[in-house]
Structures are given as structure tokens and as C-alpha cells.
Amino acid sequence: MEQPLFTSLADYQEYPADEMTARAAEFNAEIRRRRSVRSFSSRAIPRTVIEQCIAAAGAAPSGANQQPWHFAVVSDPATKRKIRLAAEAEEREFYTRRATTEWLKALAPLGTDANKPFLETAPYLIAVFAQPFSIGPDGGRVKHYYVAESVGIAVGILITALHHAGLATLTHTPSPMAFLTRILNRPAHERPYLLVVTGYPADDAQTPVVAKKSLEEIASFI
Ligand code: IYR
């Protein structure tokens with residue numbers, strides 16, 4: 001076994017309690033303004049913003065620091081079109097056959113259907129892939145641990161970073177997503193995890209009226 005190497009927490013930043021309290025409240029207010037958006041403007045956004053937000057996601061903690069993720073960033077109109085057509089084909093199956101009545105009932109308040117024009121309108125689609133293993137220098141498989149948890153945390157940071165930058169997002173999970181592996185030429189062992197659609201909201205974008213659970217409902221202090 002390799003000996004672990006340690007360094008001091010040189011980048012850690014402590015704040016006085018009142019400042020800490022204010023920062024926590026400000027962040028809560030900022031993140032509570034986040035809404036899933038399904039109607040995007042085609043206005044361009046600087047690629048560097050996407051790069052910075054993905055770099056932020058890449059700082060997520062992960063099982064054994066194995067960073068089992070890949071972010072495929074799509075802005076090419078022809079590729080976005082391919083993704084839209086493939087996703088809509090799966091979604092039509094979902095809405096007409098695969099989804100249970102119970103599932104459709106749960107979804108009803110969101111007003112979604114099989115049409116996904118935003119997959120072409122939004123300037124960027126970020127396809128997130130999870131890597132159950134990597135290929136080691138000797139060509140063998142190196143198993144990754146806590147892959148779903150790790151990628152979920154990274155996507156949470158990605159969405160938060162995009163929101164913080166002033167962009168709208170949609171976490172979109174056309175199911176199944178095997179078409180993403182094919183269209184984006186990803187290795188067969190990577191699992192499409194979800195699509196993050198991002199850009200400015202359309203001027204006339206509407207969002208369903210839904211509520212978040214209260215702190216009392218989601219937390220207990222023991
Ligand atoms: N993937 C479908 C259905 C869908 C499922 C859930 I759970 C949602 O929260 C939203 C949609 C679609 O994108 O329409």
C-alpha cells in the first residue's frame with residue numbers, strides 16, 4: 001500500500017458566527033429561487049461559464065476520491081437535434097405505455113409530456129455519465145465505490161453552480177438513456193446518469209406552482 005500524504009487545511013475559511021449565520025441565510029434564499037425550467041431561450045451563453053460550473057462539480061467529494069463521472073457538453077445543433085428526437089421517442093413510450101397510472105398521477109402537477117423542444121432550444125445540454133469502473137494502466141478494471149452517491153453530489157453542485165451564475169436548469173432523465181452513449185460516443189461501460197439542460201429561461205417561461213416541504217417536515221434535531 002502507498003503511504004498517504006497529508007497537508008494542512010490552508011484553504012479552509014472560518015467566519016465569525018454572525019457572518020456564518022448571515023451567509024447560511026443568504027445561501028438558503030438564493031438556492032430557494034432555483035426552479036426547474038422547461039422553456040429556454042436560445043440566447044448564447046459564454047462557454048467559460050459552463051466550464052467553471054463543471055470544474056466546480058468536479059470538486060465534489062466522491063467514494064475513495066475516484067471521481068467516477070464524465071460531463072459531455074453539447075452545444076452542436078445537429079447533436080442536440082439527435083438527442084431531442086431520441087429522447088422524445090423514449091418519452092412517447094413512457095407516457096403512452098411504460099409509465100404506471102400511479103406515476104402519471106404523481107407527475108401531473110408538473111404538466112410535462114413527451115415533447116422536449118428545450119433539448120434543441122437550450123444552448124447547452126450537459127450529459128452526465130457515471131463510471132462504475134475505470135480502466136487501469138495495465139488494461140484491467142479498477143472498481144469505483146459509491147458511484148451513484150458520488151455522481152449525485154457532483155450534479156447537485158453543478159446545478160447549484162449554474163443557478164449561482166444566473167442560469168436556469170432542468171435535470172432531465174429520459175428513460176432509458178442508452179441513446180446518449182451512442183450519440184455522444186461514450187465508452188460502453190459508462191452509464192448515462194442524467195441530462196442537465198441549461199441556458200436563459202424563455203421570456204414567457206412558466207413554472208408549475210409547487211411547494212417545498214418545510215424544515216420541520218424534512219429535518220429532526222435529536
Ligand atoms: N422523463 C419524463 C417523465 C418525468 C419523470 C419524473 I419522476 C419527473 O420528475 C419529470 C418527468 C419526462 O421528462 O417528461
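Residues take their numbers from the sequence shown, with the count starting at 1. For ligands, and for the atoms within them, numbers begin at 1 and follow the listed sequence.
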- Item | Atom of P192, atom of M177 and distance for their closest heavy-atom approach | CG-O, 3.3 Å
- Minimal heavy-atom distance between P132 and V147, with the atoms involved, is CA-CG2, 4.0 Å
- Does NZ or CZ of R191 fall inside the cone over F129's six-membered ring, less than 6.0 Å from its centre and within 45° of the axis? no
Using a 3.5 Å cut-off on N/O to N/O, what pairs does ligand 1 make with the protein? A line per pair would be great.
{"unit_1": "ligand 1", "atom_1": "1 (N)", "unit_2": "E91", "atom_2": "OE1", "d": "3.4"}
{"unit_1": "ligand 1", "atom_1": "1 (N)", "unit_2": "E91", "atom_2": "OE2", "d": "3.1"}
{"unit_1": "ligand 1", "atom_1": "1 (N)", "unit_2": "T173", "atom_2": "O", "d": "3.3"}
{"unit_1": "ligand 1", "atom_1": "13 (O)", "unit_2": "E91", "atom_2": "OE2", "d": "3.3"}
{"unit_1": "ligand 1", "atom_1": "13 (O)", "unit_2": "K116", "atom_2": "NZ", "d": "3.2"}
{"unit_1": "ligand 1", "atom_1": "13 (O)", "unit_2": "H172", "atom_2": "ND1", "d": "3.3"}
{"unit_1": "ligand 1", "atom_1": "14 (O)", "unit_2": "Y95", "atom_2": "OH", "d": "2.5"}
{"unit_1": "ligand 1", "atom_1": "14 (O)", "unit_2": "K116", "atom_2": "NZ", "d": "2.5"}

- Below 6.0 angstrom between ring centroids: does that apply to W69 and Y193? no
- Say whether, by atom type as modelled, one donor and one acceptor occur between the side chain of Q66 and the main chain of K143 under 3.5 angstrom. yes
- Quick note, ring pair (Phe, Tyr, Trp, His ring centres under 6.0 Å) partners involving residues 108-127, not counting sequence neighbours, are F118-H172
